[in-house]
Amino acid sequence: MKIDKENLMIILLAGGLGKRLDKKTSKQLITFKSISILERNIKKFNEYLDNVKIQVVSNKKDFKKITEITNEYKILPPVLGGKSRHKSVFNGLEAIKFFNPKFVLVHDSAR
C-alpha cells in the first residue's frame, strides 16, 4: 500500500528526561558530531519523507531549546507532553488533529 504523504504526520516524543543516564542534559538533546539526537531524527525524517509535517512533544525544561530547533528546521511548533508517555502521545495527537492525518508515525526521538 502506498501512503500519500499528505495523509501522513510524524510525532517525535522529546519529553523524556533520561534519569537513568544520570546526565543533566535530556537524552534527545545530547549532541553527537555537533548535532542533537532530536535534530538528527528531524533531518532523517525530512530526508526520507520530505514535506511530511513533524510535531515534536517536549517537556517544560527543554521547551525553549526545542522551540529553537523546530524554528530552525521549519517544522510545527512543539507542544508540551504529559507526565507519562501515553499522555504525551495524546497531547501530540491533539495538536495535529486539525490536519486530520490518516496515518501518524510516533517515534521516541531518543533512539
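Numbering starts at 1 and runs along the sequence shown. Computed from a predicted structure; not experimentally measured.
Under the 4.5 Å side-chain heavy-atom criterion for ILVMFWY residues, no single connected hydrophobic cluster contains both Ile54 and Phe63. By the criterion of side-chain heavy atoms lying less than 4.5 angstrom apart, applied directly or through intervening Ile, Leu, Val, Met, Phe, Trp or Tyr residues, Phe98 is grouped together with Val89 in one hydrophobic cluster.
Separating the CG atom in Leu80 from the OG atom in Ser58 is a distance of 6.5 Å, to the nearest 0.5 Å. Taken to the nearest 0.5 Å, the CD1 atom of Ile42 stands 7.0 Å off from the OG atom of Ser36. Atoms CD1 and CD1, from Ile96 and Ile11 in turn, are 4.0 Å apart once rounded to the nearest 0.5 Å. Annotation: the span from Asn91 atom CG to Gln55 atom CD amounts to 10.0 Å, rounded to 0.5 Å. Distance check: Glu39 CD to Thr70 OG1 gives 10.5 Å after rounding to the nearest 0.5 Å. Interatomic distance, Phe99 CZ to Lys53 NZ, rounded to the nearest 0.5 Å: 5.5 Å.
With Gln28 contributing its side chain and Ala14 its backbone, the two residues share a donor-acceptor pair below 3.5 Å. Asp62 places no side-chain N or O within donor-acceptor distance of the main-chain N or O of Lys65, the cut-off being under 3.5 Å. Here the side chain of Arg40 pairs no donor or acceptor atom with the backbone of Thr31 at under 3.5 angstrom. Between the side chain of Asn7 and the main chain of Lys102, no donor-acceptor pair closer than 3.5 Å is present.
Within a 6.0 Å radius of CZ in Phe90, other residues, nucleotides and ligands contribute 12 heavy atoms or fewer.
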- Message: side-chain contact (heavy atoms from CB on, under 4.5 Å), that's the test. Do Phe103 and Met9 meet it? Break it down for me.
- Response: CA-CA 6 Å; Phe103 301 98; Met9 290 189 74; over 6 Å; no

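Each of Ile10, Leu12, Leu13 was checked for a side chain to side chain contact (heavy atoms under 4.5 Å, CB included) with Val106, and the lone residue meeting it is Leu13.
The side-chain heavy atoms of Val104 and Leu8, taken from C-beta on, include no pair separated by under 4.5 Å.
Across all their heavy atoms, Thr67 and Pro78 have their closest contact at OG1-CG, 3.3 Å.
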